[in-house]
Protein chains: 4
Amino acid sequence: MASGPTRPRLRARYERRRDGVARAAAAVFAQRGYDQTSVQELTQAMGLAAGGLYHYFESKEQLLIHICDQLVEPLLVRANELLARVEQPEQQLRELVHLWVAHVVEHRDHMLVFDQERHVVERGINWRRVRSSRKQFERLLEQTLARVEQTRAEPGWDRRVALSALLGMVNYTAQWYRARGRLAPEQIADGYVELIIGQPG
Amino acid sequence: MASGPTRPRLRARYERRRDGVARAAAAVFAQRGYDQTSVQELTQAMGLAAGGLYHYFESKEQLLIHICDQLVEPLLVRANELLARVEQPEQQLRELVHLWVAHVVEHRDHMLVFDQERHVVERGINWRRVRSSRKQFERLLEQTLARVEQTRAEPGWDRRVALSALLGMVNYTAQWYRARGRLAPEQIADGYVELIIGQPG
Amino acid sequence: MASGPTRPRLRARYERRRDGVARAAAAVFAQRGYDQTSVQELTQAMGLAAGGLYHYFESKEQLLIHICDQLVEPLLVRANELLARVEQPEQQLRELVHLWVAHVVEHRDHMLVFDQERHVVERGINWRRVRSSRKQFERLLEQTLARVEQTRAEPGWDRRVALSALLGMVNYTAQWYRARGRLAPEQIADGYVELIIGQPG
Amino acid sequence: MASGPTRPRLRARYERRRDGVARAAAAVFAQRGYDQTSVQELTQAMGLAAGGLYHYFESKEQLLIHICDQLVEPLLVRANELLARVEQPEQQLRELVHLWVAHVVEHRDHMLVFDQERHVVERGINWRRVRSSRKQFERLLEQTLARVEQTRAEPGWDRRVALSALLGMVNYTAQWYRARGRLAPEQIADGYVELIIGQPG
DNA sequence: TATGAATGAGCCTTCATTCAT
DNA sequence: CATGAATGAAGGCTCATTCAT
């Protein structure tokens, strides 16, 4: 079974371990690919025996879903908070991109896994939740771009193109960002924002 | 064996069939994922029996490599031609992006497969050729951006960021472009160029 | 796949092999039990490699179903023929029991497997066909007993009890009959008939 | 360990619980099959956690053996008592069948399990005790039939056939008897006796 | 006594690949 | 060239059993 204990104390320990398992799995999946990683390799990398995974997840796929959920959900939550807090459209966009880049960089492994498994995410029967969260985030982004447009005489972009460009560039960050590299996440985010809304005043 | 006939006439027919097989495979892989597609499903989708694939490719992985090669190599060749033909840096960039977007859109399936299998491309032992081609294309792109910078007083971007943004947005196009959609490839390419080098004219 | 070829020549060979596989499996199942027999052991006993079973049956359970079908269906068919051919009720019963005992003895292995897996047969979702055939055979038997009753002043039995007793004793034959034993199937059948309808005139 | 406490008071409680566990298990096994029932399902159905079973039985197989022992042993004991008490052969047979049918009906679940696992009972290394008890019971039965024969001018049956028929019909009762049905165990037993020894005086 | 996390052997099944036809 | 039966290694997953708590 993969639902775990109900008594609070044990429950907490269980959930901590469960998240640890998911994080470790994300790292392995990111490196070797979901399908190419056997459950044996996986559990070995987490210090568990073969069958031990199934105390925490009911299947290898549910583990994958959990990883992607951990990526998309919190970003959506924090994006909503941000938009409620900030008023000025350009400032919203700027902070949104900063938040997003930071998230992508911090959850690099999750992001790489998510990208890789696009075809399952899009078509899989158990993936509705993940699909919905991603969709909602994209909608927030598009609405923000729309508000930015309204502050200008002429937009200077096609909104669909700008939105997709932003999605492409930010998500791709996970593939080239290096923690010890020259560029900090904030600089990268600033660079992206400037491409979209032009030079900062 | 998968090297095929040597007499010119038969050779041509063989290669045509081989490319057809690869194209059909790309479509299936793009939809279902490489690992999740069995050779049985694959060959069935191409009107062949299970063993038939092995007349054209010596393994499932070689087929995958061929698909990625078909994507990257021709783009590199045509990019080189373009840069030899056009002189003005901004014009080079503009035409490069147009060429590239057109290529991505035309080889959507190949592109989706290529993206999906990033971890194999990066680490696989038989993938040196593909890695090298991709690397060369990125270098062309970076050099072009460098030349554009030199025509300006101040670049207005960090070159690494601009390069990665471009890679991210153009490649991502494969994931959202629809042939019957509102935007033609040329419009999309124009949009991208404007984001990078600022408003035209 | 487990549907096999369609061309007549190959089809015939396929079906012959398929039946051979089922027969061999019945023998092993009868001896060791269905659940206790691994597919490895099974295929080894049939001169196939592990995966080879799946050319003929889509799962271990479908193999089991086939075995039980091979037992019940033909008996039902031949019982119907017999009842159409013979007129006198007591003679019908006598010949029915003879046919049945012969069938049980000839398909000893199938019978032992069938008995053993009663709980699956009764509740399994894929077992409707088998359940229905068995039900029909029992109905034929009951109707025959009813006709025998009508030839008598008083039945001398409760029909439900007689029917169940008959089912119990004949099916149990599979568990003790020995081909080289003292009793021939015909003698056994005669013994059963006498118990049911009393001493032969 | 599964031997339990030694102090009389605790011992009694332990054994009561142990028998309760076995009875509950018999019900589940009868329904789903021994092999198809996991220890998890089993213990859950008894309000225990997974490991709890092992306080009462040292293995799943020992539990199964206990169930079968609970079925066969008491019947043997009571059959012996009966034969010591009753003198007239036909009366012995009649009462034996009554006792036996009542036992089968009362321990329906145990009986179904026992039947199902025939191949283990016959060949299993830990099953000697059960095999021996069953063998002894069959011998009692056969001897009783022999004594009945001696009271008659001509037996009217082959003894082996009569014995097997009796075994088949009585044991099969577990499969069709319904507590709320039309027939009481005594009526069923009478029916069987009549089939064997002919109409009652 | 009881728990339930953990183990690890073994299960059924899939699948890339081979080869006789 | 093409077929498809056959292989056998490897996969994900289950489950009887153990043991620290």
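This one's a predicted model, so the numbers in the text were calculated from it and none came from an experiment. Naming: A, B, ... by sequence-line order, numbering from 1 per chain. Both backbone and side-chain heavy atoms feed into the values below; hydrogens, waters and symmetry mates do not.
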Rounded distance (Å) that lies between atom C1' of E/dC12 and atom CG of C/L63: 13 Å
Gap between atoms CZ and P, on A/R18 and E/dG4 respectively (whole Å): 18 Å
Under 3.5 Å: donor-acceptor pair, side chain of C/R108, backbone of C/A30: no
Atom pair distance, as rounded to whole Å: CE in C/M46 and C1' in F/dA5: 14 Å
Sugar-phosphate only, base, or nothing, as touched by A/R13 at under 4.0 Å among non-hydrogen atoms: nothing
Presence of A/R17 side-chain N/O under 4.0 Å of E/dA6 phosphate oxygens OP1/OP2: yes
Backbone of D/D69 reached by a side-chain donor or acceptor of D/R129 within 3.5 Å: no
Nucleic acid footprint by protein, nucleotides 13-21 of chain E - heavy-atom cut-off 4.0 Å, B for base, S for sugar-phosphate alone: BBSSBB---
Pair listing, salt bridge (Lys or Arg N to Asp or Glu O under 4.0 Å) test, anchored in residues 30-41 of chain D, at least two apart: D/R32-D/E41
Steps toward side-chain hydrogen bond (donor to acceptor under 3.5 Å, both in side chains) verdict (C/H119, D/Q31): CA-CA 6 Å; C/H119 58 279; D/Q31 182 101 5; over 6 Å; no
Backbone N/O of C/Y34 and side chain of C/K60: donor-acceptor pair under 3.5 Å: yes
Presence of B/Y56 side-chain N/O under 4.0 Å of F/dA2 phosphate oxygens OP1/OP2: yes
Between E/dC12 (P) and C/L48 (CG): distance, integer Å: 15 Å
Atom pair CE/CG of C/M111 and C/L71 - distance to nearest 0.5 Å: 6.0 Å
For atom CG of C/L42 and atom C1' of E/dC11, their distance in whole Å: 13 Å
Those residues that, when tested against C/E61, pass side chain to side chain donor-acceptor pair (under 3.5 Å) (two or more places apart): C/N126, C/W127
Whole angstrom value for the distance that separates P of E/dG4 from OH of A/Y14: 13 Å
Side chain B/H55 and base F/dA2 donor-acceptor under 3.5 Å: yes
Watson-Crick or G-U pairs under 3.5 Å in DNA chain F, rendered as dot-bracket with [ ] for crossing pairs and | for another strand: .||||||||||||||||||||
Whole angstrom value for the distance that separates P of F/dT3 from CD of B/Q44: 12 Å
Sequence-distant partners of D/R13, side chain to side chain contact (heavy atoms under 4.5 Å, CB included), two or more places apart: D/R16
Sequence-distant partners of A/A25, side chain to side chain contact (heavy atoms under 4.5 Å, CB included), two or more places apart: A/F29, A/L42, A/L63, A/I67
Protein-nucleotide distance (C/Q62, atom CD; E/dC12, atom P), rounded to Å: 15 Å
